[in-house]
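Note: hydrogens, waters and symmetry copies are ignored here, and every other heavy atom, side chains too, is used. The sequence lines fix the lettering, A, B, ..., with proteins before strands; numbering per chain opens at 1.
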2 protein chains.
Amino acid sequence: MEADFCLLLLPPLFSVKLPFQQDMESAINVLVAQFKTFAGKDGSSHTLSKDEFQTLVASQLPNLVKNASDPSAIDHLMSSLDENNDGELTFQEFWQLIGKLASAHGGFSQ
Amino acid sequence: MEADFCLLLLPPLFSVKLPFQQDMESAINVLVAQFKTFAGKDGSSHTLSKDEFQTLVASQLPNLVKNASDPSAIDHLMSSLDENNDGELTFQEFWQLIGKLASAHGGFSQ
């Protein structure tokens, strides 16, 4: 009962993963859900506008992306990811960034 | 004090994320750490052998990968990811699978 009581207190401060979820599947779910959360703020809910991308990077990737709070740096980063130059990032375009960050974070050669 | 006590009980059953960690950075960290855990079981610690890949898929991606526990299906999947056909998956080769699973899971067009 004490544990049940504590769980009710935890959500505002802690993200709790249930024991039957696999770590990798939970992580994939988090990345997809966060992308959708930020992509849904304006315009197309399936792509990131420049503003949405800047907000996402500043709040979700402040340690892995250099100059995450510098709009001009993030503008430049977005241009490098926006392969079809339509001013929006699809999930596939955004995924290339996550892969590069993961690879660098893990010390894998690019 | 009650919350502190509960945290001591939680780790064996629950994965707890501290509140100062960003969700996306934590998710990236999980994917990298799990890849390294499985890649480190035999041979090169930076690549997945066929056995390591089969173990990883069966235990970490049982819901997102079809026939995750069927060795011949996973053997076929590995061949499709192993771009240089060296019998090992680099992180970059493995990342293509995670991207496809994430994209399908999120309902994004490939």
**OP:** Would you check if A:L31 and B:L31 make a side-chain contact, meaning some heavy-atom pair closer than 4.5 Å?
**Re:** yes
Original post:
Side chain, backbone, both or neither: which part of B:S59 has a heavy atom under 4.5 Å from chain A?
Top reply: backbone
Original post:
To the nearest 0.5 Å, how far apart are CG in A:L97 and CD1 in B:I28?
Top reply: 7.5 Å
Original post:
Which pair of heavy atoms, one from A:W95 and one from B:G99, lies closest together, and at what distance?
Top reply: NE1-CA, 3.1 Å
Subject >> Within residues 33-54 of chain A, residues adjacent to chain B where the heavy-atom gap is under 4.5 Å >> reply: A:Q34, A:F35, A:K36, A:H46
Original post:
Where is the tightest heavy-atom contact between B:M24 and A:Q60, given as atom of each residue plus distance?
Top reply: N-OE1, 2.8 Å
**OP:** Please answer whether the main-chain N or O of B:L64 pairs with a side-chain N or O of A:E25 as donor and acceptor at a distance below 3.5 Å.
**Re:** yes
Original post:
Are B:I98 and A:V32 connected in the hydrophobic side-chain network, where two residues link if heavy atoms are under 4.5 Å apart?
Top reply: yes
Subject >> Minimum heavy-atom distance between B:A27 and A:V30, given as atom pair plus value >> reply: CB-CG1, 3.9 Å
Original post:
B:Q22 side chain to A:L61 main-chain N or O, any donor-acceptor pair under 3.5 Å?
Top reply: no
